[in-house]
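The structure appears below as structure tokens.
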Amino acid sequence: MSGEADWWFDEAAGPLVRPYAMTRGRTRPNAPNLNLVTQVRVARPPSDPSTLSPEHLQIIDLCTVPLSVAEVAAYLNVPLVVVKVLLSDLIERGDVQAGALFQTTEINDTKLLQAVLDGIRRI
């Protein structure tokens, strides 16, 4: 990438958008219960996607399956506090749910459960 239009991009670092620009200067999430392992997932499609930032839309795309806050931060490659602020925006709008572990499928295979239990016991 080269040229006048690419001044905002650094080959090694990626987009040079400051975290405070992504969060509009906010440094604390409105949702106080978000931690590294809090599970988040999309609750419903956004009612008005035009009001969301590209980062908000990326989070919605990622969270079609339950992910931890730490995983979302890793996928977006942005600081954890930024992800917490962005997630709290989406939680307030009702686009994303946060809570305990979300179970996506039931595990009925007793052999698998026994293998997990045996592995934990060996630790």
Side-chain angles (χ1 to χ4, degrees):
M1 298 184 135
S2 61
E4 297 287 326
D6 296 329
W7 62 270
W8 61 273
F9 194 87
D10 179 288
E11 290 292 332
L16 299 176
V17 177
R18 300 286 183 235
Y20 66 83
M22 289 182 208
T23 62
R24 293 175 298 216
R26 295 169 296 144
T27 59
R28 296 179 194 266
N30 294 333
N33 296 330
L34 293 176
N35 59 47
L36 289 173
V37 296
T38 302
Q39 296 285 298
V40 292
R41 71 173 175 187
V42 172
R44 61 179 170 82
S47 55
D48 188 7
S50 65
T51 61
L52 297 173
S53 72
E55 293 80 18
H56 285 118
L57 294 172
Q58 282 183 293
I59 291 171
I60 288 172
D61 287 342
L62 285 171
C63 292
T64 55
V65 296
L67 294 174
S68 70
V69 173
E71 288 173 306
V72 174
Y75 283 123
L76 292 181
N77 196 25
V78 297
L80 186 62
V81 69
V82 171
V83 169
K84 285 182 176 183
V85 170
L86 296 173
L87 280 169
S88 70
D89 293 343
L90 294 171
I91 291 167
E92 284 181 347
R93 288 173 44 105
D95 297 332
V96 169
Q97 291 177 319
L101 298 174
F102 293 111
Q103 188 171 351
T104 57
T105 60
E106 288 189 31
I107 300 174
N108 293 324
D109 185 359
T110 56
K111 289 181 183 180
L112 173 64
L113 293 173
Q114 187 62 49
V116 170
L117 182 59
D118 292 342
I120 292 171
R121 286 182 179 152
R122 280 190 294 251
I123 294 178

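What you are looking at is a predicted structure, and each value in this text was computed from that prediction instead of being measured.
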Shortest non-hydrogen contact from [X] to [Y]?
{"X": "A73", "Y": "V83", "value": "CA-CG2, 3.5 Å"}
{"X": "G94", "Y": "R44", "value": "O-NE, 3.4 Å"}
{"X": "Q39", "Y": "P66", "value": "OE1-CB, 3.7 Å"}
{"X": "S88", "Y": "V85", "value": "OG-O, 2.7 Å"}

Quick one: pull up [atom1] in [X] and [atom2] in [Y] and give me the separation to the nearest 0.5 Å.
{"X": "L62", "Y": "I59", "atom1": "CG", "atom2": "CD1", "answer": "7.5 Å"}
{"X": "L90", "Y": "C63", "atom1": "CG", "atom2": "SG", "answer": "8.0 Å"}
{"X": "K84", "Y": "L87", "atom1": "NZ", "atom2": "CG", "answer": "10.0 Å"}

**Message:** Please enumerate all residues that pass side-chain hydrogen bond (donor to acceptor under 3.5 Å, both in side chains) together with T64, with sequence neighbours excluded.
**Reply:** none
Using side-chain contact (heavy atoms from CB on, under 4.5 Å) as the criterion, list what pairs up with [X], not counting sequence neighbours.
{"X": "R93", "value": "P46, S47, T51, L52, D95"}
{"X": "L117", "value": "Q114, R121"}
{"X": "L36", "value": "A70, L80"}

**Prompt:** Do the side chains of E55 and V78 get nearer than 4.5 Å, heavy atoms only?
**Reply:** no
**Prompt:** Going by heavy atoms in the side chains, are V82 and L76 under 4.5 Å from each other?
**Reply:** no
**Step-by-step side-chain contact (heavy atoms from CB on, under 4.5 Å) determination, L34 to I91** = CA-CA 11 Å; L34 293 176; I91 291 167; 4.0 Å; yes
**Request:** If a pair satisfies salt bridge (Lys or Arg N to Asp or Glu O under 4.0 Å) and one of its residues is in residues 60-81, list it, with sequence neighbours excluded.
**Result:**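 Output for this query is empty, none listed.
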